[in-house]
Structures are given as C-alpha cells and as structure tokens.
Amino acid sequence: MENKEIAAVLNEISQLLELAGENPFKVRAYAQGARTIEIQDRPAVELISKGELARIKGIGATLSQQITELVRDGETALHRDLQKKFPAGIREMLRVPGLGPKKVKELLERLSIRSLGELEYACHENRLVTLPGFGEKSQQNILRGIEHLKKFQGRFLFGEAYPQAQELLSSLVGHPAASRGAIAGSLRRCKEIVKDIDLVAESARPGDLMDFFTSLPAVEEVLAQGTTKSAVRLRSGMQADLRVVAPGAFPFALHHFTGSKEHHIALRSLANDRGFKLNEYGLFRREKPVSCRDEGDIYRRLGLDYIPPELREDWGEIAAAREKTLPKLVEEKDLRGTFHLHTYRSDGSPTPDQWVQAAREKGYGYLGLSDHSQSAAYAGGLKAEQLRAQEAEVRQANGAQKEVRLFRGIESDIRPDGSLDYPAQELARFDFIVASVHSRFNLTEAEMTRRLVRAVENPYTTMLGHPSGRLLLARDGYPVDMDAVLEAAARQGVIIELNANPHRLDLDWRLLKKAKSLGLRIAINPDAHHLEGLADVHYGVGIARKGWLTKEDVFNTREAGEVADYLEKRRKRAGQKR
DNA sequence: GCCGTTTTCGGCCCGACTGTTTTCAGTCG
C-alpha cells in the first residue's frame, strides 16, 4: 500500500472520528498523521521494516500500529468499523457549506438523514426548522449548498479562478477607499485547484469599499455583507470573499488569509515557543503589538527567512526558513523560451511565423514547436510524408529573422509498447522530442510503468510530456509507478515536462521536489494550441515554485545558444547509441 | 493521539461570523 493511500485512509478515519464526537485533538492527530505519511520520501513498508515509523514526529504508538496494520492487511479494524457506522452518503453531507460534523450528527440522530438526497428532501419537507440549532435560514442555506454542489462541485481550476481574481482586485484597488489590496488564499499559494477567491484590502472606509465590491458587475448574488467581511457568488459560479482591514493591519490579514491552515498551525506554535502570539490582527510580544510593514517583517521577527506564499504548506518550509536554506524560487522573468507548442499542421492554429512574433512580444529567445505525431490521428498528427514540408517551413522561419530561434520538434505518441512514433532515421532529424501518452490509458500499472520507462530510455527522447496524463477535475492520471519513471529519466538525462496548461499542471508539484532531488531538469511548457496559450507558462511557474524549483532546476531558463548546444549534443549521442 | 532543553500530564492556533439563541455553539479559514 502506497503512502498516498495510507494517508487517504487516515484522513477518513479523522473525519469519521469527528462525526463520532471524539476528542478534537485525537481527530487532529489522525489528520496530521495522514499529512506526515504522505510527505515521507520513503514508502511506509520500508519505514516499518527499519523500525523508523514511530520515530517520525507526529506518528506515535497508535498511529504507527494503524499504519502497520494497513500495510500488512490492506485495511484496519478501526477504519472498517467507522465506515460501517458512517456510510458514504453521510460523509458526503460534510461537503455542504455550513454543515460540519456536529450538525451532520444531529441530522443523523434526530432525523435519520443519511445522504445528500435525503437531506435535500427533508429541506423541501421543511423538516429542519424545528431541529435545535437549525432554523429557516440554515435550511435555505443547506438547499442552496446542495444545489451548488451538484452544479459545480465547488472546485475550480487555478487558471479559471486567477483571471477573475485579478479583475476583482484591479477594480478594488482602483477605488478611492482602498489603499492596498491583494489576492490571498489558496490562489495566492498557487494551488492547482481552488474553492473560492480570497481578497484582502486595506481601507479607512470599509463600508464604502464593501458597497462597491458587492455591486461589481461580475457579482451575481451577495451572500454576506459586513464591514470586515463580505462574500459574493460571481456569475461564473465561483464564490469570492473580501476582507477589509484598517491601515496597519494589512500584512497580518494578508498573511492570515493566505494560509495554509497547516502552515499557520506550525508557525503559531513556533511563535508561542519564542514568546510571541500571532493572529490576523498582529504579532504580539507580552500583549504588546510588534510593528511589521509587510509579511517579510513577520517572518523576520520570528527569526525566519521570508517564506513565499507558494511554499506555505507545512511541507518543510518553516524548518528551512529557520536554517536559512530556503531555495531561491524560479520566477517568470527567468524563462528564456519554452517548448511544446502546436501549429496549424496538427491541432493548433498558429503558423511558425506567428509563433516567432509571439515569442518576440514575450521577450523569448527561442521556442520549441512540437506538433502531434502520426498515431494521434484525432489531433491531426503528422504523417511521415508531411515531415519534410514541416522541416522546410521551420528552416524558413529561422532564416527570415535572427531574434527568435525555432527548434523543430515533435510531440511523439508513446505507443503502448513504449516505442516512439517514427522510425529512428526520422527521429534523428528533429531538434527535440517530447514523448507523451495520449491513448490506451487502461493498461495495468506495471504495463504503464514499463511503457514510460522504455520511452524515456529511447535515446531520442528529450523530454517526457505531461507525465501523469491527468486532466484536472475531469480525469485521474493513468496508474503508473512515477518514482520508477522519474528514476529512469534521471539515469537517461531526460527532461521532465511541467505542463503549464491549467487543465494539466503535470508533473504535480508534490512530485517536483522528488524530481529535483533526483537531479532532474524540468521544462515549463505551455502545451499551447493558440497564441494566447503561451501565457499559461505563468501557471507553470507558480506550480514550479510550489515544488521548490529554482532557476537552475528549470531547463528553459537557459539562453538559446546553450539550449541549442545541449540539444545538438544529445542528438549526436543518440545517433551513436543507435 | 502526540509531545516534552521548565512538563510523562496537561496542553494542543485562534478569532469572526452566522444563525440561532437570549449568551452561545458550530463552522470556517
């Protein structure tokens, strides 16, 4: 059983214990244990065999026993009993905003409601109003919450939410009552999926700013309005929350509402140890406020280096900030070019000349064009006989100007047996090759792992495209032993793509740290099919930062000449190996 | 349930808002 699966079970145990009315600290201990086991570099089975499991901070005797039981039997008695007591329908009710374990328990015990469907029915029957702790309002809110769950599932892509947040923010900071404003929440931390938009603003006239916010054209419905907090539902279906604070409190509010919760728990605990108290209004030493101009000051007063928002996941960043070993994260301005762009020849729209123009506008020195290969018939993959024309076209675009170097590549399908999609003499002619899986996702994990390992062992493979194959909010990645694939890529010097398309953001940031530790280079590629898609590298950079990557870890921060030399050398070596 | 350079027992981040109450519990971030 993998660490991730173990974590999922522990998390569920935590939720169910909460439903059972257990000690909240016990509940938290299980949730914390889940996180701890998930971020271990080594599999639990190894930790158990070496007797190191119970020595990990946050895993004590009981959790260690539960994990051991899980690894040995694939399940635990505790988990099984809890599941029997609280079936899936009950757990689903916890996703309704405003419903927590206590209220779900009440619904269960007093009205025998055991699923979302039953809950909706009970609301329509007006049966919640008489329940203690509930009333007319909460019944309506629950109905609306169910409606919303059904409609949107309450989750949105980073790339969907970000432009909306930007627009709201620019409206807000343009208002005379606002002196400062910022995006906060998981969006600021660059999570690939977000639940809502959090905004923080500073104002001496909060009432005016709130009136302005709740009447913006993007707002469909005002869910709550006060002088410190307002919440609205946007026409897009997203919820946006605005917090307004008085001048001086802004850094603390921004920090607080950026999260994550786990980061705050760890940080406040450290603050306590050092004689401080930290909350959303300030940093205090013996009840006396400590002045901070910005978030950097907050960390410095606590004896830490500044921790960028993307890293605030309680994933080792606090220890690194204390030891002054935080990485200097890559920035968008470090990128010198990018790869994996489609043209009109397969399923994209731009011509090579148009891509050159787009690169120029972005200040890039090079672009790597890679249309689909012949097996991807659905995407207009290039037949072998079309390759000469493509070659000539790229050569011509390069001859016509000197500012932007176009590299001629292909996004080669990885066939089910792991081979690439053209004969070697064709592969040898490309400047670079992105190898990706686009079909036959239904192989077993062992077969898929073999397939990907074989693909990265092909001497012509330059990079592995969207390694997991996931489509966020739509499709999980195929089953594959990603560790084995990454290790093979590291042996072969194959670059790993961080596909920056908001639907993919693949390789996942949780694995980037692992890839980095293997010495792998990462290419932040937009996988763009239209000119506007080039801007998606922004999301890729956010995820790269979240994965602790520096400029040096990212392949396309190199200058055009260096990239050209690298690709040429690799191509020569591949020719010799063949 | 976990943890300990004051502690092996007694803490565990902390405050606002909502809807329900008539002083507060539950939820949320």
Side-chain angles (χ1 to χ4, degrees), chain A residues 10 13-14 17-36 53-67 78 93-107 128-142 144-145 154 184-189 191 194-200 206 223-231 239 241-245 249 252-284 302 312 314 318:
Chain A
L10 295 181
I13 291 177
S14 166
L17 286 174
E18 199 170 6
L19 267 179
E22 265 288 358
N23 172 0
F25 297 105
K26 181 169 166 181
V27 170
R28 187 194 292 174
Y30 274 91
Q32 189 57 43
R35 286 180 51 77
T36 304
L53 186 60
R55 287 217 296 273
I56 299 168
K57 189 166 150 46
I59 310 255
T62 307
L63 275 165
S64 166
Q65 180 272 321
Q66 287 288 319
I67 293 167
L78 172 66
M93 291 198 283
L94 288 168
R95 288 170 48 219
V96 178
L99 281 190
K102 296 269 165 56
K103 291 202 160 172
V104 167
K105 194 161 172 250
E106 198 75 357
L107 290 168
L128 264 56
V129 287
T130 53
L131 215 55
F134 292 79
E136 182 64 37
K137 265 266 178 59
S138 32
Q139 182 168 277
Q140 271 171 20
N141 283 340
I142 288 169
R144 276 216 311 240
S186 50
L187 204 48
R188 182 160 180 245
R189 300 201 315 277
K191 284 290 284 281
V194 302
K195 245 174 67 234
D196 58 9
I197 294 171
D198 287 302
L199 299 163
V200 178
L223 303 172
Q225 181 171 359
T227 53
T228 64
K229 178 191 167 174
S230 292
Q239 184 174 325
D241 293 351
L242 171 65
R243 316 278 175 154
V244 179
V245 296
F252 304 106
L254 176 61
H255 182 257
H256 180 82
F257 292 112
T258 295
S260 67
K261 194 171 142 191
E262 290 79 9
H263 178 81
H264 282 322
I265 289 173
L267 189 66
R268 285 172 182 182
S269 164
L270 176 139
N272 283 350
D273 289 349
R274 302 193 168 180
F276 291 93
K277 188 179 82 165
L278 178 64
N279 63 28
E280 64 209 85
Y281 300 106
L283 179 66
F284 304 89
L302 294 172
R312 299 180 196 165
D314 190 21
I318 292 179

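The model shown is predicted, which means the values in this text are computed figures rather than measured ones.
When all heavy atoms of A/F252 and A/E280 are compared, the pair lying nearest together is CB-O, 3.3 Å.
Residues satisfying the side-chain hydrogen bond (donor to acceptor under 3.5 Å, both in side chains) test with A/Q239, not counting sequence neighbours, are A/D241. Residues passing the side-chain hydrogen bond (donor to acceptor under 3.5 Å, both in side chains) test with A/Q65 are A/E69, sequence neighbours excluded. Annotation: side-chain contact (heavy atoms from CB on, under 4.5 Å) contacts of A/P101 (sequence neighbours excluded): A/E18, A/L19, A/L94. Looking at residues two or more places apart in sequence or on another chain, you find a salt bridge (charged side-chain N to carboxylate O under 4.0 Å, His left out) between A/R144 and A/E221. Residues passing the side-chain hydrogen bond (donor to acceptor under 3.5 Å, both in side chains) test with A/T258 are A/R188, sequence neighbours excluded. Scored by the side-chain hydrogen bond (donor to acceptor under 3.5 Å, both in side chains) test, A/H263 finds A/Y299, A/E317 as partners (sequence neighbours excluded). Residues meeting the ring-ring contact (aromatic ring centres under 6.0 Å, His included) test with A/H264, sequence neighbours left out: A/H255, A/H256. With sequence neighbours excluded, the residues forming a salt bridge (charged side-chain N to carboxylate O under 4.0 Å, His left out) with A/R189 are A/E313, listed by chain and number.
Residue pairs that meet the salt bridge (charged side-chain N to carboxylate O under 4.0 Å, His left out) test with at least one member in residues 24-35 of chain A, sequence neighbours left out, are A/E22-A/K26.
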At a cut-off of 3.5 Å, list every protein nitrogen or oxygen paired with a nitrogen or oxygen from nucleotides 7-12 of chain B, distance to 0.1 Å.
none

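Spacing of P atoms, B/dT21 relative to B/dA16, comes out at 23 Å, to the nearest Å. With both ends at atom C1', the span from B/dG26 to B/dT20 equals 10 Å, rounded to whole Å. Atom P of B/dG29 sits at a distance of 29 Å from the matching atom of B/dT23, rounded to the whole Å. B/dT5 and B/dC17 have their C1' atoms separated by 41 Å, given to the nearest Å. B/dT8 sits 43 Å from B/dG19 when the C1' atoms are compared, rounded to a whole Å. Using P as the reference atom, B/dC2 and B/dT7 are 22 Å apart when rounded to the nearest Å. Remark: the separation of the C1' atoms in B/dG15 and B/dG10 is 23 Å, to the nearest Å. As rounded to the nearest Å, B/dC13 and B/dT18 have P atoms that lie 25 Å from one another.
Across all strands shown, B/dC12 is found opposite B/dG1 as a Watson-Crick or G-U wobble partner, with both distances under 3.5 Å.
Of the residues in residues 57-64 of chain A, those placing a heavy atom less than 4.0 Å from an atom of DNA chain B are A/K57, A/G58, A/I59, A/G60, A/A61, A/T62, A/L63, in numerical order.
Residue A/L99 holds its CG atom at 4.5 Å from CD1 of A/I142, rounded to the nearest 0.5 Å.
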Sequence-aligned protein contact record of nucleotides 16-29 of chain B, with B where the base is within under 4.0 Å of a protein heavy atom and S where only the sugar-phosphate is: SSSSS-----SSSB
